[in-house]
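For reference, the structure discussed in these notes is given below.
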Amino acid sequence: EVQLVESGGGLVQAGGSLILSCAASGFIFDDYAIGWFRQAPGKEREGVSCISSDGTTYYAESVKGRFTISRDNAKNIVYLQMDSLKPEDTGVYFCAVDSHGSWCGAKWYRPMEYDIWGQGTQVTVSS
C-alpha cells in the first residue's frame with residue numbers, strides 16, 4: 001500500500017522552529033519528487049516546497065530563506081525544517097508525491113500535479 005505519513009507539527013511561538021517529517025512506504029521512494037503543501041482555514045492549498053529525486057529544491061517565495069527541504073532516501077523520509085516561523089505559516093501541512101515523475105516541474109506548486117497525499121499535520125504559530 002502506498003502511504004505518506006506526516007509528523008512533527010505543533011504549536012510554536014513566532015520566531016520559533018519546527019521540523020516536519022514525511023515518511024513514505026509502498027513505492028520506490030528514491031525515484032520520485034516530493035512536495036510539501038499547506039492549507040490555512042478558508043484558503044486554498046498552496047505549494048511550500050518541492051525536492052526532486054536528485055535533491056534539487058524549490059521554494060515558495062513566502063518561505064525562501066526560512067524553510068529547508070531535504071530527503072533521506074535510506075530512511076524514505078522527506079523533512080521540512082521551518083525556522084523563523086510567522087503566524088501566517090499556520091495551517092495543515094501535507095506532503096505529496098507525483099507518481100509520474102522524478103522532477104519538480106515548473107508548476108510544482110500546484111496540488112493537481114500530485115496524486116498521492118498524506119493526511120497532514122497541524123502547525124500553529126502564535127504571535
Side-chain angles (χ1 to χ4, degrees):
E1 179 187 5
V2 176
Q3 193 173 18
L4 297 173
V5 179
E6 302 94 336
S7 62
L11 173 64
V12 63
Q13 288 189 330
S17 297
L18 283 173
I19 302 176
L20 304 185
S21 299
C22 171
S25 61
F27 63 100
I28 303 174
F29 178 80
D30 306 21
D31 291 349
Y32 298 103
I34 309 288
W36 278 102
F37 289 77
R38 66 187 180 191
Q39 189 165 18
K43 294 189 176 181
E44 293 186 353
R45 194 167 297 188
E46 63 174 352
V48 173
S49 184
C50 184
I51 185 165
S52 295
S53 60
D54 69 347
T56 304
T57 59
Y58 302 81
Y59 297 94
E61 284 297 325
S62 60
V63 306
K64 274 184 181 178
R66 300 188 297 121
F67 290 12
T68 304
I69 191 171
S70 62
R71 64 192 298 159
D72 185 336
N73 289 339
K75 296 182 178 180
N76 284 9
I77 297 178
V78 169
Y79 300 98
L80 186 67
Q81 170 76 46
M82 305 188 297
D83 298 318
S84 302
L85 282 161
K86 304 175 181 180
E88 51 263 44
D89 294 317
T90 294
V92 179
Y93 282 69
F94 301 88
C95 60
V97 172
D98 172 8
S99 66
H100 304 294
S102 303
W103 312 106
C104 303
K107 297 180 179 179
W108 66 265
Y109 50 87
R110 299 198 311 178
M112 66 175 65
E113 300 295 315
Y114 302 79
D115 52 350
I116 302 170
W117 291 82
Q119 299 277 49
T121 185
Q122 176 71 44
V123 172
T124 303
V125 185
S126 63
S127 57

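Here the structure is a predicted model, which is why all the values come from computation and not from measurement.
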Distance in Å, M82 CE paired with I19 CD1, rounded so as to fall on 0.5 Å steps: 9.5 Å
Between S17 and D83, do the side chains contain an N or O donor and an N or O acceptor separated by less than 3.5 Å? yes
Nearest 0.5 Å, what's the CG-CD1 distance between D98 and I34? 9.5 Å
So, S99 and D115: side-chain donor and acceptor under 3.5 Å apart, yes or no? yes
Cation-pi, F94 ring and R45 (6.0 angstrom, 45 degrees): yes
Kindly indicate whether the side chain of K43, heavy atoms from C-beta on, has any atom under 4.5 Å from the side chain of R38. no
Atom OG of S127 and atom NZ of K86: how far apart are they, to the nearest 0.5 Å? 14.0 Å
Drop me the distance from T124's OG1 to L85's CG, to the nearest 0.5 angstrom. 11.0 Å
Apply side chain to side chain contact (heavy atoms under 4.5 Å, CB included) to the pair Y58 and I51, showing each step before the final yes or no. CA-CA 6 Å; Y58 302 81; I51 185 165; over 6 Å; no
Pair S52-Y32, side chain to side chain contact (heavy atoms under 4.5 Å, CB included): steps then yes or no: CA-CA 7 Å; S52 295; Y32 298 103; over 6 Å; no
Minimum heavy-atom distance between L4 and A24, given as atom pair plus value: CD2-CB, 3.6 Å
May I ask you to test the T68-L80 pair for a side-chain heavy-atom distance under 4.5 Å? no
Heavy-atom side-chain proximity of W108 to W103 below 4.5 angstrom: no
Whether over 12 other heavy atoms sit under 6.0 Å from Q119 CD: no
For the atom pair CG (L18) and CG (L11), what is the distance rounded to the nearest 0.5 Å? 9.0 Å
Pairs in or reaching into residues 10-53: which pass disulfide bond (SG atoms under 2.5 Å apart), with residues at least two apart or in two chains? C22-C95, C50-C104
Using the rule given for side chain to side chain contact (heavy atoms under 4.5 Å, CB included), can you reason through V48 versus Y59, listing the C-alpha separation, both sets of side-chain angles and the distance that settles it, and then say yes or no? CA-CA 6 Å; V48 173; Y59 297 94; over 6 Å; no
Just checking W117 against F37, ring centres under 6.0 Å apart? yes
Please examine the side chains of D72 and Y79, heavy atoms only from C-beta on, and report whether any two atoms are closer than 4.5 Å. yes
Derivation and outcome, side chain to side chain contact (heavy atoms under 4.5 Å, CB included), residues L20 and W36: CA-CA 10 Å; L20 304 185; W36 278 102; 3.6 Å; yes
Tell me whether D30 is salt-bridged to R71, with the criterion being a basic N under 4.0 Å from an acidic carboxylate O. no
